[in-house]
Amino acid sequence: MPELNQDQIWMLCAIELAQQGQYSTRPNPNVGCVIVKDGHVVGEGFHPQAGQPHAEVFALRQAGESARGATAYVTLEPCAHYGRTPPCAKGLVAAGVARVVVACPDPNPLVAGKGVNILRDAGIDVDLGICQEQAHALNVGFLKAMATGMPYVRLKIASSLDGRTAMASGESKWITGSQARQDVQHWRAISGAVITGVDTVLADDCQLNVRQLDTVADIEKIVQPKRVVLDRQGRLPLTAKILQDPTTLMVMGPFRQELADLGVLQLPVQPLKELLQQLVQQHQIYDVLVEAGATLSTAFLQEHLVDELISYVAPTLLGQTARSMFNAAFSQMAEQLRFKLHDVTQFGDDVRFRLIPSQETL
């Protein structure tokens, strides 16, 4: 591995800071900032929560007069618009920094180069793209949604070695061990919504919320994901555990007054792509985790709506009568869905594969 230069070292520090907000900033992106002068950090900060100051503000406050003539390392292009907070680009100008290093441009139409232009128009040197790949990974959903209007969709599946996700009866607790199930909590916690089908709710009486994270002592600080249940025939029972917190529940199906009385947000029956677009446009949901049975999982895959497949495989065999993880009927090799391996991680006896759909055809 090539040796890192100083810009990369300081930017990686800013990225590490940004990660501190990964469970709490939604719908805002994760951003970190480090201000360096004469080889020393004089200010640092990260964006902790929507409505609170941005990373640059915390770093500039800490730096004070030392910011004048310093270099600011920011993981995302400084904002250029007035929202609940003033534009950070103008804050950096007012502080008198001499140079700004930006990892990722911001495709948000309210920013999209405007932040960089404010800095350069003020005579500040700006460098772009330092550690861009690592910084992009902080905000894949936000960046995709701003650029395309679609969220970043992760499909999570837990299966046996023979590709089975449940017994024929629907029994599925537990195929994977506790360490793998704990890892799933992380993916829920970084998601704006968890999507499932009503059959999964009927089979497991699941809640699909975040209940424990090893790195977070106070679970109340986590922004809980919305739970989106696809229920085209209106079969969700009022006794389901998922209704214990109706304010974070969305149901796509026919209108039901009893759900409205509980405060459940009801969505019209629509194609999956339009549902995802609605989540972005109306609810600022940029990262989606799909935890569902074979039918819904297959629909997301066949409609090419999955950006990443997270597959947990347990060292067990469930047999041919158990339920399959994928239920499309292919008759030719050319129909297969291929993936590229992103990484492999072991959790206890289980293995997690992170896979990216491949565009290659045979």
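As the structure is a computational prediction, the values presented were derived from the model and not from experiment. The analysis underlying the following values was restricted to heavy atoms, covering all of them including side chains, and did not include hydrogens, waters or symmetry mates.
Residues Ile118 and Val74 are members of one and the same hydrophobic cluster, defined by side-chain heavy-atom contacts under 4.5 angstrom among Ile, Leu, Val, Met, Phe, Trp and Tyr. One hydrophobic cluster, built from ILVMFWY side chains closer than 4.5 Å, holds both Phe353 and Ile157. A chain of hydrophobic side-chain contacts below 4.5 Å, direct or via other Ile, Leu, Val, Met, Phe, Trp or Tyr residues, connects Leu230 to Phe326. Hydrophobic clustering (ILVMFWY, side-chain heavy atoms < 4.5 Å, transitive): Tyr286 and Met150 are in distinct clusters. Linking ILVMFWY side-chain heavy atoms closer than 4.5 Å, directly or via other members, places Val290 and Val313 in a single hydrophobic cluster.
One N or O on the side chain of Gln62 and one on the backbone of Glu44 form a donor-acceptor pair closer than 3.5 Å. For the pair Gln270 (side chain) and Pro268 (backbone), a donor-acceptor distance under 3.5 Å is present. Listed for the Glu303 side chain is no donor-acceptor partner under 3.5 Å among the backbone atoms of Lys273. In this structure a side-chain-to-backbone donor-acceptor pair under 3.5 Å is present from Thr196 to Glu291. Using modelled atom types, one side-chain atom of Gln336 and one backbone atom of Met333 make a donor-acceptor pair closer than 3.5 Å. Side chain of Gln266 to main chain of Gly253: no donor-acceptor pair is present (N/O by atom type, distance under 3.5 Å, no hydrogens or angles). At distances below 3.5 Å, not a single donor-acceptor pair connects side-chain atoms of Arg154 with backbone N or O atoms of Ser191. No side-chain donor-acceptor contact under 3.5 Å links Lys221 to the backbone of Tyr23. With hydrogens and angles ignored, the 3.5 Å screen pairs no side-chain donor or acceptor of Ser358 with any backbone N or O of Arg338. Listed for the Thr25 side chain is a donor-acceptor partner under 3.5 Å among the backbone atoms of Asn28.
Here Asp343 contributes atom CG and Arg352 contributes atom CZ; the two are 5.5 Å apart, rounded to the nearest 0.5 Å. Between the CD atom of Glu56 and the SG atom of Cys88 there is a distance of 4.0 Å, given to the nearest 0.5 Å. For the atom pair CG (Leu355) and CG (Leu341), the distance works out to 6.0 Å, reported to the nearest 0.5 Å. With rounding to the nearest 0.5 Å, the separation of CD in Gln284 from CZ in Arg26 is 12.0 Å. For the atom pair CG of Asn30 and CD of Gln19, the computed distance is 8.5 Å after rounding to the nearest 0.5 Å. In this structure, the separation between CD on Gln6 and OH on Tyr73 is 7.0 Å, given to the nearest 0.5 Å.
Across all their heavy atoms, Leu262 and Leu238 have their closest contact at CD1-CD2, 4.3 Å. Nearest heavy atoms, Leu296 versus Gly197: CD2-N, 3.6 Å. Closest of all the heavy-atom pairs between Gly115 and Ala89 is O-CB, 3.7 Å. When all heavy atoms of Cys33 and Leu17 are compared, the closest pair comes out as O-CD1, 3.6 Å. Across every non-hydrogen atom of Ser311 and Met325, the tightest pair is OG-CE, 4.5 Å. Summarising the geometry of Pro254 relative to Asp231, their closest heavy-atom pair is CD-O, 3.5 Å, with the distance given to 0.1 Å.
Side-chain contact between Leu208 and Thr200 is absent, with no heavy atoms from C-beta onward closer than 4.5 Å. Side-chain contact between Leu92 and Lys90 is absent, with no heavy atoms from C-beta onward closer than 4.5 Å. Taking 4.5 Å as the limit, some side-chain heavy atom of Leu236 sits within range of a side-chain heavy atom of Ile242. No side-chain heavy atom of Val201 sits less than 4.5 Å from a side-chain heavy atom of Arg227. Side-chain contact check for Tyr312 versus Asp350: every heavy-atom pair is 4.5 Å or farther apart. With contacts defined as side-chain heavy-atom distances shorter than 4.5 Å, the pair Pro78/Val102 qualifies. Arg164 places a side-chain heavy atom less than 4.5 Å from the side chain of Ser324. Side-chain contact between Glu133 and His136 is absent, with no heavy atoms from C-beta onward closer than 4.5 Å.
In the displayed structure, Gln257 atom CD is contacted under 6.0 Å by more than 12 heavy atoms of other residues, nucleotides or ligands. Sparse packing is recorded around CG of Asp349, with 12 or fewer heavy atoms of other residues, nucleotides or ligands lying under 6.0 Å away. By the 6.0 Å contact criterion, CD on Glu16 is open, its count of non-hydrogen atoms from other residues, nucleotides or ligands being 12 or less. Counting heavy atoms of neighbouring residues, nucleotides and ligands inside a 6.0 Å radius, atom CD of Gln244 exceeds 12 of them. Atom CG of Asp38 is surrounded by 12 or fewer heavy atoms from other residues, nucleotides or ligands within 6.0 Å.
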Exercise. Side chain to side chain contact (heavy atoms under 4.5 Å, CB included) between Asn139 and Cys104: does it pass, once the steps are laid out?
Worked result: CA-CA 10 Å; Asn139 298 300; Cys104 258; over 6 Å; no
For this session: I would like to know whether Arg181 and Thr176 meet side chain to side chain donor-acceptor pair (under 3.5 Å); could you show each step before the answer?
Result: CA-CA 7 Å; Arg181 297 198 302 275; Thr176 54; 4.8 Å; no
For this session: Begin with the C-alpha distance, continue with both residues' side-chain angles, and end with the deciding distance and a verdict on side chain to side chain contact (heavy atoms under 4.5 Å, CB included) for Ile195 and Leu276.
Result: CA-CA 10 Å; Ile195 295 180; Leu276 294 174; 4.1 Å; yes
Problem set entry | Steps toward salt bridge (charged side-chain N to carboxylate O under 4.0 Å, His left out) verdict (Lys114, Asp106) | CA-CA 9 Å; Lys114 298 183 180 73; Asp106 188 344; over 6 Å; no
Exercise. After noting the C-alpha distance and the side-chain angles of Thr215 and Gln22, does the key distance pass the side chain to side chain contact (heavy atoms under 4.5 Å, CB included) rule?
Worked result: CA-CA 11 Å; Thr215 57; Gln22 65 179 329; 5.5 Å; no
Exercise. Hey, mind stepping through Asp287 and Lys144 against salt bridge (charged side-chain N to carboxylate O under 4.0 Å, His left out) and telling me if it holds?
Worked result: CA-CA 9 Å; Asp287 289 88; Lys144 182 187 177 187; over 6 Å; no
Problem set entry | Audit row: Thr71, Trp10, side chain to side chain contact (heavy atoms under 4.5 Å, CB included) steps and yes/no | CA-CA 10 Å; Thr71 298; Trp10 294 124; over 6 Å; no
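Here the two rings, on Phe58 and His47, have centers that are 6.0 Å apart or farther.
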